[in-house]
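Report on one structure; see the data block that follows.
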Amino acid sequence: MQQAIDAYLDEVMAHAALSRSDAARVRAELSEHLHEMLDEAGANQLEFKEALAMCANEFGDAKELGQSIRISKGRVRTFIKRRAKRTLIGIGVCVLILLGVRSTLAEAFLVAGSGVAPILPTGSRCLVYKLASNFSAGDIIAFHPAEQPGIAELAIVQSQDRQGNLVVTRNGRAPFTVNRSAIVGRVFLNTR
Amino acid sequence: MGRIDREGATDGRTQFLKGCARTLVLQLLSEEPMYGYELSQALAKRSQGIFALGQGTLYPLLYSLESKRLIRVAREEEAPGSGRKRRYYQVTPAGRAELEAGLMTWRDIAHGMRLVLGA
């Protein structure tokens, strides 16, 4: 009897194509129903084919039942539930990759001041390459100013010494030195 | 020809019964929580066999009502002796409102039928 119920429900569930949790629940519920029906009919000793026929007689064609359950559970909802785990993992991986890129390779900045205008005017965005180590005169860099290390400012490179420290300028300021450790990177893309 | 007519009549009856099943299931579950097999037996018994729905209709209907939040699983209990789980469904407040609407529709239809048919 159990084999017949399993065979029938395998076909139903194949056509229902539910999420794993819904499938387990629906299968358990239908199985309980068929067991109770067969127990009540005293069908414990039935041959496989007879028990299978009783299942089909009670619930109808396995394919039709599976498709009806699929529709009643909601195709969109089922699709989302089936894909939820994969989608969440995908989003998580993307976030980790973005965080990794942001902390090691490149970071985007919004230009809030006019320190390097008109090359990069206020309101434009720029992408800073954080692995840059050699700079040329005229490069625009992002750096953490000593007085406010929590923020980043932009400046134009004038020269670089042997230790990697930079002499830079900003509008309205005399040339000053940026320590190598305070350099974020070189601007390599902008939306000006 | 007669065969086609009879099949057509059977299809019409099946569709009509299916249409009624939603209201009947809500009614039974509004009286007390029941699990699937119990519900199918109660429906057949109380309707004297007229609404002995194919169970292939019952479970999709239950899942549809559940996904529309008209019924919900009230509790799960193990079946005595077997250890298999039974899921008891009950009507939600939205389901009660749906039931009331269904009953009103049914009364209107029954009244109209009686008026026309003179029964």
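Labels below follow one simple rule: chain letters A, B, ... track the order of the sequence lines, proteins then strands, and each chain is numbered from 1.
If you measure heavy-atom distances from B/Glu38 to chain A, you find no contacts under 4.5 Å at all. If you measure heavy-atom distances from B/Ser64 to chain A, the contacts under 4.5 Å come from both the backbone and the side chain. Heavy atoms closer than 4.5 Å to chain B are found in both the backbone and the side chain of A/Val26.
For the ring-ring contact (aromatic ring centres under 6.0 Å, His included) condition, the pairs that include at least one residue of residues 77-102 of chain B, sequence neighbours left out, are B/Tyr35-B/Tyr88.
Contact count against chain B (heavy-atom pairs under 4.5 Å) is highest for A/Arg25 among A/Lys73, A/Glu64, A/Arg25.
Looking at A/Thr177, its side chain never comes within 3.5 Å of a backbone N or O of A/Val167 through a donor-acceptor pair.
Using bins of under 30°, 30° to 60° and over 60° for the plane-to-plane angle, the ring pair A/Phe176/A/Phe143 lands in the tilted bin. Using cut-offs of 30° and 60° on the angle between ring planes, the pair A/Tyr129 and A/Phe188 is perpendicular.
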